[in-house]
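Throughout, protein chains are lettered first and strands after them, A, B, ... in sequence-line order, and every chain is numbered starting at 1.
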Number of protein chains: 2
Amino acid sequence: MDTKLLCLGVLSEGERSGYEIKKLFETRFRHFFVAGFGSIYPALAALAGEGYVTARAVPQAGRPDKRVYSVTEAGLDHFRERLLATAPRHKVRSEFCLLMYFAHLLPPERALAHLDTMVARWEEMLAGDLGLSAADEAALTPGQLFDLGFGRAVVGAARAYCLERRAPLAAALLDRPRAAE
Amino acid sequence: MDTKLLCLGVLSEGERSGYEIKKLFETRFRHFFVAGFGSIYPALAALAGEGYVTARAVPQAGRPDKRVYSVTEAGLDHFRERLLATAPRHKVRSEFCLLMYFAHLLPPERALAHLDTMVARWEEMLAGDLGLSAADEAALTPGQLFDLGFGRAVVGAARAYCLERRAPLAAALLDRPRAAE
DNA sequence: AGTAACATGTAACGCGTTACATGATTTG
DNA sequence: CAAATCATGTAACGCGTTACATGTTACT
């Protein structure tokens with residue numbers, strides 16, 4: 001279970017609640033990892049059951065209690081071991097590419113709208129979590145910095161390619177609109 | 001089930017056996033979709049059960065029979081409908097980025113080896129399926145051409161970034177090797 | 001002699017996604 | 001007044017991965 005591993009990893013940087021971990025996933029890891037509450041909460045419960053993390057209830061004014069998790073020594077050891085045993089994979093699953101591949105079966109304006117949607121999403125990412133200032137970057141570990149740059153490079157390339165190819169693609173699709181239904 | 005959808009898609013370009021579809025996935029779709037036999041064969045069986053494809057046994061000399069599938073009219077309609085209902089998502093799941101993020105918990109040479117592994121894999125892709133000649137490209141639909149370029153742009157950017165950042169990363173990791181165990 | 005390629009399938013397991021369930025406070 | 005945010009969890013379903021099962025031909 002990868003979610004368990006990543007939870008352990010972020011907890012190695014400091015104690016956090018499940019909700020906070022989710023937020024962190026949405027910012028720092030957004031460009032290479034996604035997990036919902038339905039994965040995170042059970043993962044934390046399992047880690048606690050295995051003795052890799054401990055939970056502490058933190059009461060809050062007018063809010064439900066937070067369950068704040070901390071990694072144990074056994075947890076840190078386990079995390080390092082698992083890291084050493086992890087193979088470097090990098091997998092992409094893209095419905096966007098699928099849609100583009102079969103663009104000739106779609107109304108042209110639909111295909112172009114999909115393209116614009118993706119460009120907008122990528123620009124959001126670049127302006128948001130991937131767009132930190134130089135000052136913020138000074139506080140990062142070499143690895144975190146590497147990941148940040150990697151995200152920028154890859155997402156930036158996707159965006160640039162789509163913008164560059166939009167006009168030629170539009171022309172080609174409108175040239176022979178084989179399937180406007 | 002996405003595998004079903006993609007199988008239907010490739011069959012819309014012509015009849016093929018499950019084995020051939022797998023080969024096609026490994027070449028044309030490698031950079032944005034992965035599926036094994038364990039997904040493809042059941043997917044084809046399900047599509048046949050729904051009447052979206054028909055199967056035909058092709059005897060072969062000294063080999064087991066091929067089951068060659070063809071898409072039906074209902075199948076083509078269904079495919080177009082499903083395409084129209086598909087949202088453009090683009091998801092990355094990367095153990096490589098995870099490893100880099102926590103590189104400070106790894107022996108530096110291990111982190112760099114992972115990086116080299118990925119560069120080699122990406123170069124293989126660029127030289128292989130993504131590296132067609134201009135003559136081959138003329139035969140592609142606009143969408144196929146777009147995907148090919150997209151793959152080149154994104155994979156190329158990942159490769160270039162890793163090569164560019166290798167030396168600075170190595171220096172930073174060796175500067176304070178916090179966890180050579 | 002051994003490995004890779006050709007060829008099809010089943011079954012179990014793991015894991016993630018989605019929907020459901022609940023409830024207070026803050027912001028627009 | 002509605003929507004978003006904070007906050008935690010369960011359960012079912014879907015789907016993919018992996019391992020198992022079998023057998024021939026061609027190449028090294």
Nearest-Å distance for atom pair [atom1]/[atom2], residues [X] and [N]:
X: B:Y69; N: C:dA7; atom1: OH; atom2: C1'; answer: 12 Å
X: B:F37; N: D:dC20; atom1: CZ; atom2: P; answer: 17 Å
X: B:L47; N: D:dC15; atom1: CG; atom2: P; answer: 12 Å
X: A:E95; N: D:dC15; atom1: CD; atom2: P; answer: 11 Å
X: B:R93; N: C:dT17; atom1: CZ; atom2: C1'; answer: 11 Å
X: A:D2; N: D:dG16; atom1: CG; atom2: C1'; answer: 14 Å
X: B:Y41; N: D:dA19; atom1: OH; atom2: P; answer: 18 Å
X: B:K91; N: D:dC15; atom1: NZ; atom2: P; answer: 12 Å

Determine whether the side chains of B:Y69 and B:R56 contain a donor N or O and an acceptor N or O closer than 3.5 Å.
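Distance-only check fails for B:Y69 and B:R56.
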Among side-chain atoms of A:T141 and B:H104, is any donor-acceptor pair under 3.5 angstrom?
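The answer is no; no qualifying pair exists.
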How about B:Y101 and A:F146: are their ring centres within less than 6.0 Å of each other?
no
Let me spell it out: for each of A:G38 and B:S17, pick the nucleotide of DNA chain C with the closest heavy atom. Which residue's pick is nearer the 5' end?
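Its nearest nucleotide being more 5', the pick is B:S17.
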Please tell me which of B:G18 and A:V34 maps to the more 5' nucleotide of DNA chain C, matching each residue to the nucleotide holding its nearest heavy atom.
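On the 5' side of the pair lies B:G18.
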Under the 4.5 Å side-chain heavy-atom rule for ILVMFWY, direct or indirect, which residues accompany A:Y19?
A:F37, A:Y41
Stepwise, does the salt bridge (Lys or Arg N to Asp or Glu O under 4.0 Å) test hold for B:E137 with B:R152?
CA-CA 13 Å; B:E137 288 178 23; B:R152 276 180 196 154; 2.8 Å; yes
Atom pairs, N/O to N/O, protein against nucleotides 4-6 of chain D, distance under 3.5 Å?
{"residue": "D:dC6", "atom": "OP2", "partner": "A:Y19", "partner atom": "OH", "Å": "3.2"}

Please check: side-chain N/O of B:T86 versus main-chain N/O of B:R82, any donor-acceptor pairing under 3.5 Å?
yes
Does any N or O in the side chain of A:T72 come within less than 3.5 Å of the main-chain N or O of A:Y52, such that one atom is a donor and the other an acceptor?
yes
Determine to 10° how strongly the helix from C:dA1-D:dT28 to C:dG28-D:dC1 is bent, judged from the axes of its five-pair ends.
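It comes to 50° between the two terminal axes.
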Regarding the side chain of A:P42, the nearest nucleotide among D:dT10, D:dT17, C:dT17 is D:dT10
Which heavy atom of A:H114 sits nearest to which heavy atom of A:L106, and what is that distance?
CD2-CD2, 4.2 Å
So B:E26 and B:K23, salt bridge (Lys or Arg N to Asp or Glu O under 4.0 Å) or not? Walk me through it.
CA-CA 5 Å; B:E26 280 170 5; B:K23 294 287 121 183; 3.6 Å; yes
On the nucleotide D:dC15, are OP1 or OP2 found under 4.0 Å from the side-chain N or O atoms that B:T3 carries?
no
Considering every strand and a 4.0 Å limit on heavy-atom distances, what is the contact class for A:R16: base, sugar-phosphate, or nothing?
nothing
